Amino acid sequence: MQLQENISLAPLTTFRIGGPARFFVEAKSHAEVEEAVAFSRARDLPIFVLGAGSNLLVADSGWPGLVLKVAIPGIEQSGHNDEGKALFRVGAGESWDRFVSHAVAAQCAGVECLSGIPGSVGGTPVQNVGAYGQEVAETIDSVEVFDRRAGQVRELCREACGFAYRSSIFNTSERERFIILRVAYALIPGGEPRVAYADLQRHFAGRETRPNLAETREAVRHIRGLKGMLITPGDPDSQSAGSFFKNPVLSSEQHAELEKRAAARRLTIPAYPALEKFKKVSAAWLVEHSGFVRGYGSGQAGISSKHTLAIVNRGGATADAVLALKTEIEQRVEEIWGVTLEPEPVMVGFCS
Ligand SMILES: Cc1cc2nc3c(=O)[nH]c(=O)nc-3n(C[C@H](O)[C@H](O)[C@H](O)COP(=O)(O)OP(=O)(O)OC[C@H]3O[C@@H](n4cnc5c(N)ncnc54)[C@H](O)[C@@H]3O)c2cc1C
């Protein structure tokens, strides 16, 4: 294990924001993960587990303990499960999009709509990443973890991971307990791509033949690029943590109240099948109808010029500036719509 000190975290995140880590280890094997955990325990240091830093806002003061970057590599195709699906065991440190590209080239369906999502394989189960009509919970077979409480490596089956919309046990009930080492995905060999999402259907409208997996992957990446949701070097709109707010879940009473407020403004709450399934309303719609437009903000932190839900670092923004904008948006949405927005990125190193 190679221990480093005072490592700047900003370049290790897609936001490019954040102070230093007191200690830093990049672990390429599970033995190194265990060693790093033992080091932090011996010194009573808090650990933060880092993937590719694409869903984080790191405080300007950094992290006072150990940042453990999980960099375990490897994509291994390892037979089939009982349902005849092809199993891929992938190291948590692999790039997620590299794995999607690998699966598509192997003609295996199940993750093609998740093309272009930044981050590591180990990050995908944490918030059950999803986009364009797919989420990883549908294809995860099992997750190999280091259990910090028991001090041993374990395999969790899909059911044990408690997947729901943007959540799992890893970011709720068992937060900080498990370090993800490997994820096994079960994909459909020779399967058809899923072209269910409206944006994708529009993209392929007028075509006589069904798109294949590779075409679907390219279409998703293209659409993501137009929204600044693909990491594109040099594009300040992709210097973000993706969508900054989750789509809020409302009770029927809250939904009725929201509709009343919308009607008073001669507006209708848009209904999207993908959101209705989870009884959610569009956070982007709420933000847009609270006076925030694309490109909002004159400072170094502002709203993306391509997507109202992304807060971007236009260069040199501090975490405090991002938080100030976040609070402004939350307050205005609450005031106008009576809805509390919840941030999606993980806040690292802020005093709670
Ligand atoms: C431009 C852009 C677009 C995005 N689009 C989407 C999208 O369409 N859908 C979507 O769901 N998300 C999206 N995201 C968010 C992000 O890409 C995902 O959440 C991604 O899976 C995070 O992975 P990561 O490796 O970067 O994790 P990090 O950001 O490094 O960490 C995120 C959380 O996961 C934990 N974690 C990471 N690795 C491990 C591990 N090995 N073991 C235990 N815990 C771990 C961290 O402790 C932290 O709590 C987007 C982000 C950006 C910047």
Side-chain angles (χ1 to χ4, degrees), residues 9 12-18 26-27 30 33 36-37 46-58 63 66-72 90-97 99-100 111 113-137 143-148 156 161 163 165-172 174-183 197 199 220-221 223-232 235-244 246-247 274 304 306-307 309-313 343-349:
L9 292 172
L12 303 177
T13 70
T14 51
F15 238 145
R16 309 236 149 227
I17 291 175
E26 184 170 309
H30 94 244
V33 167
V37 171
I47 294 191
F48 177 74
V49 180
L50 176 68
S54 64
N55 206 27
L56 307 177
L57 179 62
V58 179
W63 179 252
L66 172 74
V67 168
L68 169 58
K69 180 171 167 69
V70 181
I72 298 171
V90 191
E94 280 292 341
S95 142
W96 167 252
D97 196 49
F99 167 59
V100 176
V111 289
C113 295
L114 305 176
S115 294
I117 296 183
S120 66
V121 161
T124 61
V126 178
Q127 72 154 3
N128 178 20
V129 299
Y132 299 94
Q134 277 176 342
E135 54 182 21
V136 277
V143 181
E144 185 184 295
V145 294
F146 178 71
D147 181 348
R148 289 171 63 190
L156 304 178
C161 296
F163 290 122
Y165 180 80
R166 292 298 177 276
S167 84
S168 69
I169 59 165
F170 307 113
N171 66 357
T172 56
E174 302 289 357
R175 187 196 295 261
E176 294 181 12
R177 174 170 172 186
F178 297 115
I179 299 175
I180 296 164
L181 306 173
R182 268 185 198 80
V183 185
Y197 207 81
D199 281 356
V220 169
R221 287 179 56 88
I223 296 166
R224 295 187 70 94
L226 297 177
K227 296 181 178 178
M229 286 291 165
L230 192 69
I231 300 291
T232 312
D235 177 2
D237 280 330
S238 66
Q239 212 156 267
S240 75
S243 298
F244 203 90
K246 295 182 190 174
N247 292 314
S304 160
K306 301 190 181 80
H307 200 302
L309 217 48
I311 294 183
V312 297
N313 172 9
E344 189 179 300
V346 177
M347 304 288 161
V348 183

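Order of listing sets the numbers, starting from 1, for every ligand and every atom in it. Source: prediction; values computed, not measured.
- By the 4.0 Å heavy-atom criterion, F178 is counted among the residues contacting ligand 1.
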Inset, instruction - Kindly indicate, with the supporting measurements, whether the criterion salt bridge (Lys or Arg N to Asp or Glu O under 4.0 Å) is fulfilled by D97 and R224. - result: CA-CA 13 Å; D97 196 49; R224 295 187 70 94; over 6 Å; no
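- Among the atoms of S120, some N or O lies under 3.5 angstrom from an N or O of ligand 1.
- The distance criterion of under 3.5 Å between nitrogen or oxygen atoms is not met by S240 with respect to ligand 1.
- Proximity of a side-chain donor or acceptor of K69 to a complementary backbone N or O of G51 within less than 3.5 Å is detected.
- The side chain of F48, and not its backbone, has at least one atom closer than 4.0 Å to an atom of ligand 1 (non-hydrogen atoms only; side chain from C-beta on).
- At a 3.5 angstrom cut-off on N or O pairs, G51 counts as close to ligand 1.
- Interface atoms of ligand 1 facing T14, defined by a heavy-atom separation under 4.0 Å, are 53 (C).
- Side-chain contact between L50 and V70 is absent, with no heavy atoms from C-beta onward closer than 4.5 Å.
- Here the side chains of Q127 and V346 are not in contact, with every heavy-atom distance at 4.5 Å or above.
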Inset, instruction - Show your working on side chain to side chain contact (heavy atoms under 4.5 Å, CB included) between M229 and L309 and close with a plain yes or no. - result: CA-CA 10 Å; M229 286 291 165; L309 217 48; 5.6 Å; no
Inset, instruction - Kindly indicate, with the supporting measurements, whether the criterion side chain to side chain contact (heavy atoms under 4.5 Å, CB included) is fulfilled by R182 and I72. - result: CA-CA 8 Å; R182 268 185 198 80; I72 298 171; 3.7 Å; yes
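- Contacts of A241 with ligand 1, taken as heavy-atom pairs under 4.0 Å, involve the backbone alone.
- Only side-chain heavy atoms of V346 come within less than 4.0 Å of ligand 1; its backbone N, CA, C and O stay farther off.
- Taking the side chain as every heavy atom from C-beta outward, I179 and R148 approach each other to under 4.5 Å.
- Ligand 1 lies within reach of P118, whose nearest heavy atom is under 4.0 Å from it.
- For ligand 1, one of its N or O atoms has an N or O atom of Q127 under 3.5 Å away.
- No donor-acceptor pair closer than 3.5 Å links the side chain of S168 to the backbone N or O of N128.
- For ligand 1 and M229, the ligand atoms under 4.0 Å from any heavy atom of the residue are 1 (C), 3 (C).
- Closest to atom 32 (C) of ligand 1 by heavy atom, among V49, N171, L56, is L56.
- Side-chain contact check for V312 versus S240: some heavy-atom pair is nearer than 4.5 Å.
- Residue-ligand proximity, R224 to ligand 1, at heavy-atom distances under 4.0 Å covers atoms 3 (C), 4 (C), 5 (N), 6 (C), 7 (C), 8 (O).
- Considering backbone and side-chain N/O of N55, one or more are found under 3.5 Å from N/O of ligand 1.
- Closest to atom 22 (C) of ligand 1 by heavy atom, among G119, A71, S54, G130, is S54.
- Note on ligand 1: R166 sits in its first shell, one or more heavy atoms being nearer than 4.0 Å.
- The distance criterion of under 3.5 Å between nitrogen or oxygen atoms is not met by V70 with respect to ligand 1.
- Close approach of ligand 1 to L50 is summarised as follows: ligand atoms under 4.0 Å from at least one heavy atom of the residue are 30 (O).
- Using a distance-only test at 3.5 Å, with no hydrogens or angles considered, no donor-acceptor pair links the side chain of W96 to the main chain of F99.
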